[in-house]
Enquirer: 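Okay, here's the structure, questions in a sec.
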Protein chains: 2
Amino acid sequence: MEKETAEILRKNHLSITDSRIKILELFKRKGNALAHADIEKQTHDLFDRVTIYRTLQTFAEKGIIHSIPTADNSVLYALCKDECSEGKHADNHVHFICDICETTYCLDHIMIPELQMPAGFKMKQAGLIVEGICKNCSAKK
Amino acid sequence: MEKETAEILRKNHLSITDSRIKILELFKRKGNALAHADIEKQTHDLFDRVTIYRTLQTFAEKGIIHSIPTADNSVLYALCKDECSEGKHADNHVHFICDICETTYCLDHIMIPELQMPAGFKMKQAGLIVEGICKNCSAKK
DNA sequence: AAATCTTTGCAACAAAGTTGCAAAATATAA
DNA sequence: TTATATTTTGCAACTTTGTTGCAAAGATTT
Ligand SMILES: [Mn+2]
Ligand SMILES: [Mn+2]
Ligand SMILES: [Zn+2]
Ligand SMILES: [Zn+2]
C-alpha cells in the first residue's frame, strides 16, 4: 500500500516525502472529496498549513487530484482516475454533495451529458454538481 | 429605470436605499455575473465593503440574485429571472465562464439535462458550469 | 414632524491563502 | 557510503476575504 503510493509519486517525478505519502494515502483511504481543513485535522497537525496547500497544488498540477467546484465556494479535492496527467484533467464526471452529511462524492460512472451551446460559444470543459441526499443518509431513516 | 429598480425592492419588502439601488442597477446594466470585487470597483468605493456583502446576501435570500459555483472558488452573483422568490431559487440553467475574458454568463435558455443518479442518491438541485470561449472572444480573432 | 424600525460605516476580528527564506530532507554523483 | 546538489518544509510575516457588534445615519410609518 505504502509502496504503491510512492510509485505514484515516482511516476509523476515528485520526490517522495512524508507529507506527500501521508496526504495521498488519506485520499485513498477516505475515497471521497477532502477540503484543506479536513486534511489538516486528519493528519493531526503533523504538517504545516502551508505544506498542505503546496502539496495539494502540486498534486492538482500533476493530475493526481482534481478540484471540485462547490456552491458554497469551498475548495474540495478528490483523487483523479488514471487517465488524468500533467496539465490534462479528464474528470468529466458528476459530483454529488449530500445536504445532510455534507460528504462530497465523485460519481465516476455518471458522465456529464452532451450540451448544445448557443451560437458563438465554444465549450471546452464542464463541471456538474448535484446536491441532494446520499446513499448513506437515505438509508439511515 | 431607477423607478423600476425601486419597484423590485418594494416588491421584496426591502427598504429603498442608495446602495441597494446602485448595486441592483449595476447588475442590470452589466448583464453578466459579478463578483464582490467587481462591485467594489464599479461603485468607486461609494459603499463600505461590509455593505456590499450584506446587500448581496439580502438580494440572494430574496431571490433577486443567485450565486454561481465556480471552479476557482470565487463567489459570483447574477440577476435571477422572475420565477425566483424568497428562499426558492429556480435558476436551473447553465453557466458559462470564458477562458479569455473571464466573463461569466447565465445561459438562461440552456437548462440542465435530466440525470440518472446511482441507487440511493436523491437529487434535489444541480449546477452546471461550462468553461470555454465566449461569443465575443470567438469573434475577435 | 416625531417616533420607530432598518440599514450603514467603522473598528475589530477571524479565516483562508500567499510569499521569502533558512533549515531539513531527498535525490544524485562520486 | 559519503559528499554535493536539488527539492521540500516550517516558520514568520503578510494579504485578501469574509464576519460581527454597535452607534450613527437613513428610511418608513404614524
Ligand atoms: Mn471527482
Ligand atoms: Mn445564472
Ligand atoms: Zn449524506
Ligand atoms: Zn470571452
Side-chain angles (χ1 to χ4, degrees), chain A residues 2-3 5-26 33-62 64-65 67-77 86 102 104, chain B residues 2-3 5-26 33-62 64-65 67-77 86 102 104:
Chain A
E2 174 117 1
K3 277 222 169 170
T5 307
E7 194 47 43
I8 294 175
L9 296 176
R10 205 169 288 119
K11 260 186 211 151
N12 285 281
H13 312 285
L14 291 174
S15 22
I16 294 158
T17 69
D18 214 35
S19 45
R20 284 173 183 167
I21 292 279
K22 289 271 162 52
I23 293 174
L24 192 41
E25 298 218 307
L26 183 63
L34 297 172
H36 180 277
D38 296 329
I39 297 168
E40 221 172 321
K41 274 175 218 151
Q42 307 267 359
T43 55
H44 306 96
D45 297 289
L46 201 55
F47 312 109
D48 193 81
R49 253 160 30 86
V50 180
T51 301
I52 299 176
Y53 279 118
R54 292 198 268 226
T55 304
L56 291 172
Q57 207 179 282
T58 306
F59 283 1
E61 278 163 10
K62 292 292 185 179
I64 299 171
I65 60 176
S67 71
I68 300 171
T70 61
D72 72 328
N73 95 302
S74 58
V75 202
L76 292 178
Y77 295 93
E86 179 133 26
E102 308 230 270
T104 298
Chain B
E2 175 118 357
K3 277 222 169 170
T5 307
E7 194 47 43
I8 294 175
L9 296 176
R10 204 168 289 120
K11 260 186 212 150
N12 284 282
H13 312 286
L14 292 174
S15 27
I16 294 158
T17 68
D18 213 35
S19 46
R20 285 173 181 167
I21 292 280
K22 290 270 162 51
I23 292 174
L24 192 41
E25 298 218 308
L26 184 62
L34 297 171
H36 180 278
D38 296 328
I39 297 168
E40 221 172 322
K41 274 175 220 152
Q42 307 267 358
T43 54
H44 306 96
D45 297 290
L46 200 57
F47 313 110
D48 192 82
R49 252 161 29 84
V50 180
T51 302
I52 299 175
Y53 280 117
R54 292 198 268 225
T55 303
L56 291 172
Q57 207 179 283
T58 306
F59 283 0
E61 278 162 10
K62 291 292 185 178
I64 299 172
I65 60 176
S67 71
I68 300 171
T70 60
D72 73 328
N73 94 301
S74 58
V75 202
L76 292 178
Y77 295 92
E86 178 132 26
E102 308 228 270
T104 297

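Convention: sequence-line order gives letters A, B, ...; per-chain numbering from 1.
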Enquirer: Rounding to a whole Å, what distance do you find between A:Ile52:CD1 and D:dG10:P?
Expert: 9 Å
Enquirer: Check whether any side-chain N or O of A:Thr51 sits under 4.0 Å from OP1 or OP2 of D:dT8, and answer yes or no.
Expert: no
Enquirer: For B:Asp38, check salt bridge (charged side-chain N to carboxylate O under 4.0 Å, His left out) against everything at least two apart and list the hits.
Expert: none
Enquirer: Can you name the side-chain hydrogen bond (donor to acceptor under 3.5 Å, both in side chains) partners of B:Glu40, sequence neighbours left out?
Expert: B:His36
Enquirer: Using side-chain contact (heavy atoms from CB on, under 4.5 Å), reason through B:Leu14 and B:Ile64 one step at a time and then give a plain yes or no.
Expert: CA-CA 11 Å; B:Leu14 292 174; B:Ile64 299 172; 4.1 Å; yes
Enquirer: How close do A:Thr43 and A:Ile39 get, counting heavy atoms only, and between which atoms?
Expert: OG1-O, 2.7 Å
Enquirer: What is the bend of the helix from C:dA1-D:dT30 to C:dA30-D:dT1 when you compare the axis at one end with the axis at the other, using five pairs each and rounding to 10°?
Expert: 40°
Enquirer: Would you mind reading off the distance between B:Glu40 atom CD and D:dT15 atom P, rounded to a whole angstrom?
Expert: 16 Å
Enquirer: Looking only at non-hydrogen atoms, find the nearest pair between B:Ala33 and B:Ile68 and report the distance.
Expert: CB-CD1, 3.7 Å
Enquirer: D:dA27 C1' sits how many Å from B:Asn12 CG, rounded?
Expert: 17 Å
Enquirer: Show me the donor-acceptor pairs, under 3.5 Å and distance only, between side chains in residues 46-54 of chain B and residues at least two apart or in other chains.
Expert:
unit_1  : atom_1 : unit_2  : atom_2 : d
B:Asp48 : OD2    : B:Val50 : N      : 2.9

Enquirer: In whole angstroms, how far is the C1' atom of C:dG9 from the NZ atom of B:Lys22?
Expert: 16 Å
Enquirer: Is the number of heavy atoms from other residues, nucleotides or ligands under 6.0 Å of A:Gln42 CD greater than 12?
Expert: yes
Enquirer: Can you pull every protein N or O that's under 3.5 Å from an N or O on nucleotides 1-7 of chain D?
Expert:
unit_1 : atom_1 : unit_2  : atom_2 : d
D:dT7  : O3'    : A:Ser15 : OG     : 3.3

Enquirer: Output the rounded distance in Å from CD1 (A:Ile39) to P (D:dT9).
Expert: 13 Å
Enquirer: Looking at residues at least two apart in the chain, or sitting in another chain, which of them share a side-chain contact (heavy atoms from CB on, under 4.5 Å) with A:Glu61?
Expert: A:Gln57
Enquirer: Which heavy atom of A:Ser15 sits nearest a heavy atom of A:Leu9, and at what distance?
Expert: O-CD1, 4.4 Å
Enquirer: Protein within reach of the bases, or only the backbone? For nucleotides 12-25 of chain C, mark each nucleotide 5' to 3' as B, S or -, using heavy atoms under 4.0 Å.
Expert: ----SBBBB-----
Enquirer: Round to the nearest Å and state the distance from B:His13 atom NE2 to C:dT7 atom P.
Expert: 13 Å
Enquirer: Tell me, please, which residues at least two apart from B:Arg10 pass salt bridge (charged side-chain N to carboxylate O under 4.0 Å, His left out).
Expert: B:Glu7
Enquirer: Kindly write out the residues that satisfy side-chain contact (heavy atoms from CB on, under 4.5 Å) with A:Thr17, not counting sequence neighbours, or none if the list is empty.
Expert: A:Ser19, A:Arg20
Enquirer: Rounded to whole Å, how long is the line connecting atom CZ of A:Arg10 with atom C1' of C:dT26?
Expert: 12 Å
Enquirer: Output the rounded distance in Å from CD1 (A:Ile21) to P (D:dT9).
Expert: 11 Å
